[in-house]
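Note sheet for the following structure.
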Amino acid sequence: KEDLEYLREIMGVMQHHDAITGTEKQHVSDDYDRILYDAILGGVKTAGAALRKLTNLPNGEFESCLRLNISECAFTKDGADNVVVTLYNPLAHTTKQYVRVPVRNENYQVTDEKGRVVASEVVPVPAEVLALEFRDSSTQHELVFKASVDKIGSYYIKKVDGKESSNGVRIISQPKQNAETYD
Amino acid sequence: DEETVVQTSLIKLVLDNKTGLLKRVEMNGVSENIEQSYGLYRTYDSGAYVFRQYNQGDFVIQKDGVEFTVYDGALVKEVHQRFSDYISQVIRISEDKPYVEFEWLVGPIPVEEDFGTEVVTVFSSEIASDGVFYTDSNGRELIRREKDKREDFSPELAVQPTSGNYYPITSRIALQDSKKRLALLNDRAQGGSSMKDGQIELMLHRRLVRDDGYGVGEALNEQKYGQPMIARGKLFLILNAADESTSAEREAEKEFHLPLWKFFSRNTGSTTAA
């Protein structure tokens, strides 16, 4: 409750018109980042506690990757072998959405809760994103699969030999002639 | 050899190999020539509160020589395009999804000593919109806008003809004629307009050098760790027949603003659940 109350307080601060529109001074923006980050971490703890009860993973870590916006996740950067992705659907109906998980360029198999193989593929992260300063360079690809989630669903990712997987992507067009090769 | 075609069962995209730009979109039974590129406004008096173009002739749009690579998977097809040292994007279509996704990456924007730069993306179609376009009212209903017009008075737009037509876009901007409708959904509040018939523009990122004197007291030049800000975001494009409902836009908007939340754990037991 303490963590949730703090998140509520910070969300209250974020209703200020400067926070909404971005017309705050830089040091205020930096402070908004700081407190919002703290509040989100507390929210993740609460969500983890709930998911440990609601899923069949009573010891699950339920880590949230806050750098997915730059296709980076500390949890998968050293390999996405035997990783469970638990998805929470905030919509009031079942939804099918594509999930992207930063991974190394290896072969993976994704299975759903019933052990059925789910089609997946590995696509490269754009070179311009890889070049971002402060970004860890170990994950240069993203594993993509289509998830169907009612409220909560889990998908299991396992590293496999190339023969077992067909998640490669065909490059059908190279950069134009005389263009700098960036892939 | 003049075109590259990328398609799923619902959407077909055609790229011009010479320019490297998107040139046609086919979806929902409608085909339309849509060219998409980026433009730059060079601004002097722009600040956190206003967008004010310095010289109306300054707008530069990248129309040629865009490098691109296509990644063709069974689930997703991606076109990675590089427009300049600080503008790139991925055009993405996914199997069974009735929208085209544009994931843009802009920054760090270069600036001059006295001039800032504001980056927009421009979608140009042949839809005869006749100066009329629609923008959302704080994410809810759409409001009709008409270029160079106001509902209750005659505006004086000679000094700032572009920014005088800019409106806040918090969820979508659209235009249509009697046959086709083009809508763009965004993931954050931006400014946008339709300066020509069939054309939609959205301002994605700004880096300015002067304060506009309206209160904040700092130039809009956001930095982190001493580096100018790089922004990454998404737009969804939906093209359909004008007489169809806008339900596709509303469905896509839900996925945009309420995506699945992801949590990661190690699988210490069996790979399948009970």
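To find a chain, count down the sequence lines: A is the first, B the second, and so on, and within it residues start at 1.
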For this session: Could you tell me which portion of B:Leu105 (side chain, backbone, both or neither) has an atom closer than 4.5 angstrom to a non-hydrogen atom of chain A?
Result: side chain
For this session: Show the numbers, then the answer: is there a ring pair (Phe, Tyr, Trp, His ring centres under 6.0 Å) between B:Tyr214 and B:Tyr49?
Result: CA-CA 7 Å; B:Tyr214 289 136; B:Tyr49 289 92; 7.0 Å; no
Problem set entry | Which atoms of B:Leu220 approach chain A - backbone, side chain, both or neither, heavy atom under 4.5 Å | side chain
Exercise. Highest number of heavy-atom pairs under 4.5 Å with chain A: which of B:Arg188, B:Lys262, B:Arg266, B:Glu218?
Worked result: B:Arg266
Problem set entry | Proximity breakdown for A:Ala131 and chain B, heavy-atom pairs closer than 4.5 Å | neither
Seminar exercise, completed: Applying a strict 4.5 Å limit to non-hydrogen atoms, the region of A:Ser64 in contact with chain B is both
Problem set entry | Lys/Arg-Asp/Glu bridge criterion (N-O < 4.0 Å) met for B:Lys224, A:Asp30 | yes
For this session: Might you point out which heavy atoms bring B:Leu260 and A:Gln97 nearest each other, and give the distance in Å?
Result: N-OE1, 3.3 Å
Exercise. For B:Asn221, is it the side chain, the backbone, both, or neither that has a heavy atom closer than 4.5 Å to a heavy atom of chain A?
Worked result: backbone
Exercise. Is it the side chain or the backbone of B:Glu78 that comes within 4.5 Å of chain A heavy atoms, both, or neither?
Worked result: side chain
Exercise. With only heavy atoms counted, which part of A:Glu24 is less than 4.5 Å from chain B, the side chain, the backbone, both or neither?
Worked result: backbone
Exercise. Chain A: which of B:Val90, B:Val76, B:Leu15 shares the most heavy-atom pairs with it under 4.5 Å?
Worked result: B:Val76
Problem set entry | B:Ile230, part contacting chain A, at a heavy-atom distance under 4.5 Å | side chain
Exercise. Checking B:Arg232 against chain A: side chain, backbone, both or neither under 4.5 Å from a heavy atom?
Worked result: side chain
Problem set entry | Residue B:Pro259 versus chain A: region with a heavy atom under 4.5 Å | both
Seminar exercise, completed: When rounded to the nearest 0.5 Å, the distance separating OG1 of A:Thr23 from NE2 of A:His16 is 8.0 Å
Problem set entry | Nearest heavy atoms of B:Lys234 and B:Phe256, plus distance in Å | O-CZ, 3.3 Å
For this session: In plain terms, say whether B:Arg250 and B:Glu253 are close enough for a salt bridge, that is, a side-chain N and a carboxylate O under 4.0 Å apart.
Result: no
Seminar exercise, completed: Of the listed A:Phe145, A:Phe62, A:Phe134, the one with the largest count of heavy-atom pairs under 4.5 Å with chain B is A:Phe62
Exercise. Got a salt bridge between A:Arg100 and B:Glu103, using NZ or NE/NH1/NH2 to carboxylate O under 4.0 Å?
Worked result: no
Problem set entry | Other residues, nucleotides, ligands: >12 heavy atoms within 6.0 Å of B:Glu2 CD | no
Problem set entry | Per-residue contact mode, A:Asp33 against chain B (heavy atom under 4.5 angstrom) | side chain
For this session: Can you tell which part of A:Thr76 gets under 4.5 Å to a heavy atom of chain B, answering side chain, backbone, both or neither?
Result: side chain
Exercise. Can a salt bridge be assigned to the pair A:Arg67 and A:Asp136 using a cut-off of 4.0 Å between side-chain N and carboxylate O?
Worked result: no
Seminar exercise, completed: Cut-off 4.5 Å, heavy atoms of chain A, and the answer for B:Arg92 is side chain
Exercise. Can you say whether A:Leu51 sits under 4.5 Å from chain B via the side chain, the backbone, both, or neither, judging by heavy atoms?
Worked result: side chain
Problem set entry | Under 4.5 Å from any heavy atom of chain A - which part of B:Lys77 | neither
Problem set entry | Least distance between heavy atoms, B:Pro98 atom then B:Leu10 atom | N-CD1, 4.1 Å
Exercise. Where does B:Gln227 contact chain A at under 4.5 Å (heavy atoms): side chain, backbone, both or neither?
Worked result: side chain
Exercise. Is a side-chain N or O of B:Asp136 found less than 3.5 angstrom from the main chain of B:Arg172, in a donor-acceptor match?
Worked result: yes
Problem set entry | Contact leader toward chain B among A:Val149, A:Val129, A:Ile152, where contacts are heavy-atom pairs under 4.5 Å | A:Val129
Exercise. Quick one: what part of A:Asn89 sits under 4.5 Å from any heavy atom of chain B, side chain, backbone, both or neither?
Worked result: both
For this session: Output yes when A:Lys146 and B:Asp96 qualify as a salt bridge under the 4.0 Å nitrogen-oxygen rule, no when they do not.
Result: yes
Exercise. What orientation do A:Phe75 and B:Phe264 show, parallel under 30°, tilted 30 to 60°, or perpendicular over 60°?
Worked result: tilted
For this session: Sort B:Val216 into side chain, backbone, both or neither according to what part of it lies under 4.5 angstrom from a heavy atom of chain A.
Result: both
